[in-house]
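The block underneath contains the structure these notes are about, expressed in structure tokens.
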Amino acid sequence: MTVTAIIQARMGSSRLPGKVLKEINGKPLLLHQINRLKKCRKIDNLVVATTLENQDNQLVEFCNKYNINVFRGSEENVLERYYGAWNQFGGETIVRLTSDCPIIDPDIVDETINYFLINDFDYVSNTLERTFPRGLDTEVFTAKALKNSYKFAILDRDKEHVTPYIYTNSDKFRLGCYKGKENYSKYRWTVDTKEDFELINLLLNVYKGKETDLKLKDAIKLMEANPQWFEINHEIEQKKI
């Protein structure tokens, strides 16, 4: 069974424009994320799904430079963009990722995919009941679920955020949630603001030159050893769907 991971990415951001190509330790945030995802054993194909906007030409150049599959589609209708990326690159199983997660843990991604594969689900995420830090978000679903979403979703919310049509229709889809043994949901390791970027910069600088070695347990140890780091971005609120 082919597993295709699709990262939605664009340069436009209301709170931190161009964030995906902002650099830490000489590497763009998106490259940090991709280097981690390349360590996943369960992912066969990796695709960046960006928009047709001129500002995202930079992302296409980035993908070409690093030999990464890229698809361009609608800026607002991200569901349509995802469907187009899947239609071009295929895969029986799809992993949805967002480009603001530069320290995503490949082990957690693999575990979430494996939980999906060994059970009879249409959709699994590690966010339906959050136990992992924000920034390790992983959603896994069948190609059939994506096709049905593309065919039947009519709400702007469902088109903008790709998967709400699936996880808000439990009568139509079999849903599963992958949870960790400990609850670390208080931590925020996504990058939406300058405060988020500051925290990720601190975490990755400790592992400069070997950034992909930074895993969940290592980042937790660093946060616990430096409690002042938690104060940097803990009041930042995620945009509501």
**Prompt:** Looking at CG of Asp137 and CG of Asn126, how far apart are the two atoms once the value is rounded to the nearest 0.5 Å?
**Reply:** 6.0 Å
**Message:** Counting only heavy atoms from other residues, nucleotides and ligands, does the tally under 6.0 Å from CD1 of Ile154 exceed 12?
**Reply:** no
**Asked** Side-chain contact, heavy-atom cut-off 4.5 Å: Leu222 with Leu214?
**Response** yes
**Item:** pair Asn57-Arg72: side-chain heavy atoms closer than 4.5 Å
**Value:** yes
**Item:** Close side-chain approach of Lys186 to Met223, heavy-atom, < 4.5 Å
**Value:** no
**Prompt:** What distance separates Ile7 CD1 from Leu97 CG, expressed to the nearest 0.5 Å?
**Reply:** 6.0 Å
**Asked** So with a 6.0 Å cut-off around CD of Glu235, is the heavy-atom count from everything else above 12?
**Response** no
**Request:** Kindly work out whether a path of hydrophobic side-chain contacts (I/L/V/M/F/W/Y, heavy atoms less than 4.5 Å apart) joins Ile104 to Leu202.
**Result:** yes
**Asked** Is there a side-chain contact between Trp189 and Asn233 (heavy atoms, below 4.5 Å)?
**Response** no
**Message:** If hydrophobic clusters are built by linking Ile, Leu, Val, Met, Phe, Trp and Tyr wherever their side-chain heavy atoms come under 4.5 Å apart, do Tyr82 and Ile166 end up in the same one?
**Reply:** yes
**Asked** Would you call the rings of Tyr66 and Phe62 parallel, tilted or perpendicular, where under 30° means parallel and over 60° means perpendicular?
**Response** tilted
**Asked** So is Lys19 actually on top of Phe197's ring, under 6.0 Å and inside 45° of the axis?
**Response** no
**Message:** Take a 6.0 Å sphere around CG of Asp171 and say whether it holds more than 12 heavy atoms from other residues, nucleotides or ligands.
**Reply:** yes
**Message:** Over 60° means perpendicular and under 30° means parallel, so tell me whether Tyr165 and Phe173 are parallel, tilted or perpendicular.
**Reply:** perpendicular
**Item:** Partner of Asp110 by salt bridge (Lys or Arg N to Asp or Glu O under 4.0 Å), out of Arg41, Arg36, Lys39, Lys215
**Value:** Arg41
**Message:** How long is the straight-line distance from OH of Tyr178 back to CZ of Phe132, given to the nearest 0.5 Å?
**Reply:** 5.0 Å
**Request:** Indicate the atoms forming the closest heavy-atom contact of Ala143 with Gly91, along with that distance.
**Result:** CB-O, 3.6 Å
**Prompt:** If every non-hydrogen atom of Leu128 is compared with every non-hydrogen atom of Tyr123, which pair is closest and at what distance?
**Reply:** CD1-CE2, 4.0 Å
**Message:** For a quick check under 3.5 Å, do Thr51 and Asp56 share a side-chain donor-acceptor pair by atom type?
**Reply:** yes
**Prompt:** Under a 4.5 Å cut-off applied to non-hydrogen side-chain atoms, are Asp213 and Asp218 in contact?
**Reply:** no
**Prompt:** So, Glu211 and Asn25: side-chain donor and acceptor under 3.5 Å apart, yes or no?
**Reply:** yes
**Prompt:** Are the side chain of Glu92 and the backbone of Thr2 linked by a donor-acceptor contact shorter than 3.5 Å?
**Reply:** yes
**Prompt:** Can you check whether Asn77 reaches Arg81 side chain to side chain, under 4.5 Å on heavy atoms?
**Reply:** no
**Item:** Asp44 vs Val3 side-chain heavy atoms within contact, under 4.5 Å
**Value:** yes
**Prompt:** So, Asp122 and Lys144, do they make that salt bridge, N to O below 4.0 Å?
**Reply:** no
